[in-house]
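A quick note: this is a predicted structure, and the numbers were derived from the prediction, not measured.
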Amino acid sequence: MERYDVVVVGAGPGGSTAARFAAQGGARTLLLDQRVELGQPVQCGEFLPTPAELADLFPHPEIPQLIREAFVIPPETVLRATHEMVCVAPSGRRYRFPLEGFAVSRRAFDKRLALAAEGEGAELRFPCGVTGVKDGRVRLANGGEVEGQVVIGADGPLSTVARGAGFAPTREMYRMITGTSLGEFPDAIELYFGHHTPGGYGWMIPKATDANVGLGVTRLPPGEDLGSLLDRFLTAWGLPRATDRTRWWVPIGPPPESARAGRALFVGDAANLVMATNGGGIPTAILSGRDAGVAAAGHCRTGAPLAEYDRLWRSHLYEPLLRAWRIKRLGDRIVERDRWLSIGMAYIGTKGLDSMMRLRWPARLVWRDS
Ligand SMILES: Cc1cc2nc3c(=O)[nH]c(=O)nc-3n(C[C@H](O)[C@H](O)[C@H](O)COP(=O)(O)OP(=O)(O)OC[C@H]3O[C@@H](n4cnc5c(N)ncnc54)[C@H](O)[C@@H]3O)c2cc1C
């Protein structure tokens, strides 16, 4: 059986970043993914905040440096820069605030991150599915087995590694569907709220020559499926039809107390490290991946305890993620009815989310009613 210091399962943003930092820290690292083409199919809205916006979300003093090291958006993966977020209430009222970000191609982005890991010396193997994990032994779909002193579970919300290692965070999930609409769209991302998207929201994220449109919901109305919900949502808001649809999940449960089990560390979606308020999880997958890679390499090099990973990610990410989850729960109480939601959004429009919930992120959020 082949032995590695670190075996990373999943070459999404979390796994590739973990592998990059593990290899950079001197660990013999293997990065595995089941996909034939990394980043494909796209199961994402493909929106990223700029590094400056991201730094605003996470106040820990080390975050700016971490972002510089780990949250690098390769320019060739950027399809469009956006400058504003528009939140549309069920009443049709539009609330605008400045938000600098990028629509990226996940197809290109995931490949670039995996190549960056390879560039640091990690061995990248795909398609190579993992069917089970026990005590550092990783069973491969091709019948083989590899062993890692440390295994990093970066295999998304339905993590096989988590099942094998007995890691079971509280799983609350958005059901998501996304597709592509053709047309011309303004330089703003649009989020739509109301009964077409129960417990969640719909979006339009403009790209170079089209837009990523989709929705996430916490439950499906009886007799509906995600496809019919998306059709009704697009029609209701006058958005063009969507093709190339994919369906997937986003974990929106609370961040776990610990993101490790035995020799396994968990990052990104596999660990529930997602902003529950909006289902955005790429930046947190990358930042937790960085922490896991550093801790895993330190463990292999000096025998430092793997608990260092929990210390790192908790100090960097835990509080803002927990706060977002609490806000989501609070919001769930008012999104049940369109009327309450419109009133709630109007209230927030006047007072600002910051004063209401002492949420750091919207400190810069100046709602403009139009
Ligand atoms: C419809 C939708 C829209 C979204 N929009 C946004 C957005 O606009 N911005 C944002 O920040 N976030 C968004 N998210 C969330 C974001 O996509 C995830 O949080 C992010 O991809 C998590 O990264 P990750 O590396 O943890 O996992 P993933 O990106 O899911 O990567 C997991 C990898 O593991 C591999 N894998 C899984 N199982 C196995 C196995 N058994 N063996 C081997 N490999 C395996 C997969 O092939 C995959 O490559 C969206 C999610 C969805 C579903």
Chemist: Would Phe233 and Tyr192 count as a close aromatic pair, with their ring centres under 6.0 Å?
Modeler: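 Centroid separation for Phe233 and Tyr192: below 6.0 Å.
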
Chemist: Can you name the closest pair of heavy atoms from Ile63 and Ala55 and give their distance?
Modeler: CG2-CA, 4.2 Å

Chemist: Can you hop from Phe109 to Val78 via hydrophobic side chains spaced under 4.5 Å?
Modeler: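 Yes, Phe109 connects to Val78 through the hydrophobic network.
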
Chemist: Following the transitive rule for hydrophobic clusters with a side-chain heavy-atom cut-off under 4.5 Å over Ile, Leu, Val, Met, Phe, Trp and Tyr, establish whether Val42 and Val274 coincide in one cluster.
Modeler: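 Each belongs to a different hydrophobic cluster.
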
Chemist: Go through the steps for Arg311 and Asp291 under the test salt bridge (charged side-chain N to carboxylate O under 4.0 Å, His left out), then give the verdict.
Modeler: CA-CA 9 Å; Arg311 191 192 69 73; Asp291 287 347; over 6 Å; no

Chemist: Nearest 0.5 angstrom please: Ile252 CD1 to Tyr174 OH, how far?
Modeler: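 Result: 5.0 Å between the selected atoms.
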
Chemist: Quick check: do Gln34 and Pro127 have side-chain heavy atoms less than 4.5 Å from each other?
Modeler: no

Chemist: Hydrophobic clustering (ILVMFWY, side-chain heavy atoms < 4.5 Å, transitive) - are Val213 and Val250 grouped together?
Modeler: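 No; tracing contacts between hydrophobic side chains, which count when under 4.5 Å, never links both residues.
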
Chemist: side-chain contact (heavy atoms from CB on, under 4.5 Å) for Cys87 and Phe97? Distances and angles first, verdict last.
Modeler: CA-CA 8 Å; Cys87 292; Phe97 61 92; 4.0 Å; yes

Chemist: Can you tell me if CZ on Arg314 sees more than 12 non-hydrogen neighbours from other groups inside 6.0 Å?
Modeler: yes

Chemist: Checking Tyr4 side chain against Val146 main chain: does a donor-acceptor pair fall under 3.5 Å?
Modeler: no

Chemist: Please assess Glu84 against Arg96 for the test salt bridge (charged side-chain N to carboxylate O under 4.0 Å, His left out), listing each intermediate value before the final yes or no.
Modeler: CA-CA 7 Å; Glu84 199 174 44; Arg96 306 170 170 275; 3.1 Å; yes

Chemist: For Glu319, check side-chain contact (heavy atoms from CB on, under 4.5 Å) against everything at least two apart and list the hits.
Modeler: Arg323

Chemist: Is any side-chain heavy atom of Val8 closer than 4.5 Å to one of Thr29?
Modeler: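 Yes, at least one pair of side-chain atoms sits under 4.5 Å.
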
Chemist: Could you measure the distance from the CG atom of Leu124 to the CD atom of Glu118? Nearest 0.5 Å is fine.
Modeler: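 Going from CG on Leu124 over to CD on Glu118, the span is 5.0 Å.
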
Chemist: Give me the atom names and distance for the closest heavy-atom approach of Ala236 to His196.
Modeler: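 Closest pair (atom of Ala236, atom of His196, distance): CB-NE2, 3.2 Å.
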
Chemist: Are any of the side-chain heavy atoms of Met176 and Trp249 separated by less than 4.5 Å?
Modeler: no

Chemist: Please report the interatomic distance CZ(Arg80) to OG(Ser105), rounded to the nearest 0.5 Å.
Modeler: 15.5 Å

Chemist: Is the side chain of Arg28 donor-acceptor paired with the backbone N or O of Arg3 at a distance under 3.5 Å, no angle test?
Modeler: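 Flag set: sc Arg28 to bb Arg3 pair under 3.5 Å.
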
Chemist: Any non-hydrogen side-chain atom of Ile286 less than 4.5 Å from a side-chain atom of Leu113?
Modeler: yes

Chemist: Test salt bridge (charged side-chain N to carboxylate O under 4.0 Å, His left out) on Arg107 and Glu37; report intermediate values, then the result.
Modeler: CA-CA 8 Å; Arg107 220 172 150 172; Glu37 181 185 340; 2.8 Å; yes

Chemist: Considering only heavy atoms from C-beta outward, does the side chain of Phe71 approach that of Leu48 to under 4.5 Å?
Modeler: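 Yes, their side chains come closer than 4.5 Å.
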
Chemist: Using distance only, find each side-chain donor-acceptor pair of residues 260-268 under 3.5 Å and give its atom names and separation, not counting sequence neighbours.
Modeler:
from	atom 1	to	atom 2	distance (Å)
Arg260	NE	Asp310	OD2	3.0
Arg263	NE	Gln149	O	3.3
Arg263	NH1	Asp135	O	2.9
Arg263	NH2	Glu147	OE2	3.2
Arg263	NH2	Gly148	O	2.9

Chemist: Has Thr82 got a side-chain atom pairing as donor or acceptor with Ile189's backbone, closer than 3.5 angstrom?
Modeler: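 Pair absent, no side-chain N/O of Thr82 close to backbone of Ile189.
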
Chemist: May I ask you to check whether over 12 heavy atoms, not counting those of Arg112, lie within 6.0 Å of atom CZ?
Modeler: no

Chemist: When rounded to the nearest 0.5 angstrom, what is the spacing between OG1 in Thr277 and CG in Leu330?
Modeler: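 Taking OG1 in Thr277 and CG in Leu330, the distance rounds to 12.0 Å.
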
Chemist: Nearest heavy-atom pair of Ala114 and Ser16: which atoms, and what distance?
Modeler: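 Where Ala114 meets Ser16 most closely, the heavy atoms are CA-OG, 3.3 Å.
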
Chemist: Counting N and O atoms only, with roles assigned by atom type, does the side chain of Asp269 sit under 3.5 Å from a partner on the main chain of Pro157, one being a donor and the other an acceptor?
Modeler: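 Side chain of Asp269 to backbone of Pro157, a donor-acceptor pair under 3.5 Å: no, none is there.
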
Chemist: Return yes when atom CD of Gln65 has more than 12 non-hydrogen atoms of other residues, nucleotides or ligands closer than 6.0 Å, and no otherwise.
Modeler: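 Yes.
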
Chemist: Strictly by salt bridge (Lys or Arg N to Asp or Glu O under 4.0 Å), give each pair with a member in residues 154-176 just once, sequence neighbours left out.
Modeler: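 Passing the test, one end in residues 154-176: no pairs.
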
Chemist: Keeping the roles fixed (side chain from Ser228, backbone from Glu224), state whether a donor-acceptor pair exists under 3.5 Å.
Modeler: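 Checked: no pair found.
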
Chemist: Taking atom types as modelled, find out whether Asn212 and Thr178 have a side-chain donor-acceptor pair closer than 3.5 angstrom.
Modeler: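 Yes, Thr178 and Asn212 have a side-chain donor paired with an acceptor closer than 3.5 Å.
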
Chemist: If you take all heavy atoms of Gly14 and Ala154, which pair is closest and at what distance?
Modeler: C-CB, 4.2 Å

Chemist: Rounded to the nearest 0.5 Å, how far does CD of Glu53 lie from CZ of Phe102?
Modeler: 10.0 Å

Chemist: Check whether Asp210 reaches the backbone of Leu182 with its side chain - one donor and one acceptor, N or O, closer than 3.5 Å.
Modeler: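 Absent.
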
Chemist: Decide whether Val88 and Leu99 are clustered together by the hydrophobic rule: side chain heavy atoms of Ile, Leu, Val, Met, Phe, Trp, Tyr closer than 4.5 Å, transitively.
Modeler: no

Chemist: Can you find a side-chain donor-acceptor pair between Glu308 and His299 that sits under 3.5 Å?
Modeler: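 Side-chain D/A pair, Glu308 to His299: absent.
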
Chemist: Is the terminal nitrogen or CZ of Arg329 (NZ for Lys, CZ for Arg) located under 6.0 angstrom from the six-membered ring centre of Trp325 and within 45° of that ring's axis?
Modeler: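 Verdict for Trp325: a cation-pi partner in Arg329.
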
Chemist: Does one hydrophobic cluster hold both Ile67 and Ile73, with members joined at side-chain heavy-atom distances below 4.5 Å?
Modeler: yes

Chemist: Could you walk me through whether Val138 and Val151 pass the side-chain contact (heavy atoms from CB on, under 4.5 Å) test, one step at a time?
Modeler: CA-CA 8 Å; Val138 179; Val151 175; 3.8 Å; yes

Chemist: Quick check: do Ile282 and Cys44 have side-chain heavy atoms less than 4.5 Å from each other?
Modeler: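 Touching, per the 4.5 Å side-chain cut-off.
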
Chemist: Between Leu287 and Leu317, is any pair of side-chain heavy atoms under 4.5 Å apart?
Modeler: yes

Chemist: Take a 6.0 Å sphere around CZ of Arg125 and say whether it holds more than 12 heavy atoms from other residues, nucleotides or ligands.
Modeler: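 Enclosed.
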
Chemist: Looking at every heavy atom in both Ile205 and Ala103, which two are closest together, and how far apart are they?
Modeler: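 Residues Ile205 and Ala103, closest heavy atoms: CG2-CB, 4.0 Å.
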
Chemist: Nearest 0.5 angstrom please: Leu38 CG to Leu115 CG, how far?
Modeler: 8.0 Å

Chemist: Among Leu273, Leu321, Thr170, which residue satisfies the side chain to side chain contact (heavy atoms under 4.5 Å, CB included) criterion with Pro256?
Modeler: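 In the set Leu273, Leu321, Thr170, the residue that makes a side chain to side chain contact (heavy atoms under 4.5 Å, CB included) with Pro256 is Leu273.
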
Chemist: Would you say the side chains of His195 and Asp338 form a donor-acceptor pair under 3.5 Å?
Modeler: yes

Chemist: Determine whether a donor-acceptor pair (N or O, by modelled atom type, separation under 3.5 Å) exists between the side chain of Arg20 and the backbone of Ala117.
Modeler: no

Chemist: Looking at Phe126, is Arg35 sitting on its ring face, NZ or CZ under 6.0 Å from the six-membered ring centre and within 45 degrees of the normal?
Modeler: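 Because its charged atom misses either the 6.0 Å distance or the 45° angle limit, Arg35 does not stack over Phe126.
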
Chemist: For residues Pro169 and Asn272, report the shortest heavy-atom separation together with the two atoms involved.
Modeler: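 In terms of heavy atoms, the two residues are closest at CB-ND2, 3.7 Å.
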
Chemist: Are Ile152 and Val9 packed together at the side-chain level, in the sense that at least one heavy-atom pair is separated by less than 4.5 angstrom?
Modeler: no

Chemist: Could you check Arg106 against Glu46 for salt bridge (charged side-chain N to carboxylate O under 4.0 Å, His left out), going step by step and ending with a plain yes or no?
Modeler: CA-CA 6 Å; Arg106 272 295 294 266; Glu46 306 180 282; over 6 Å; no

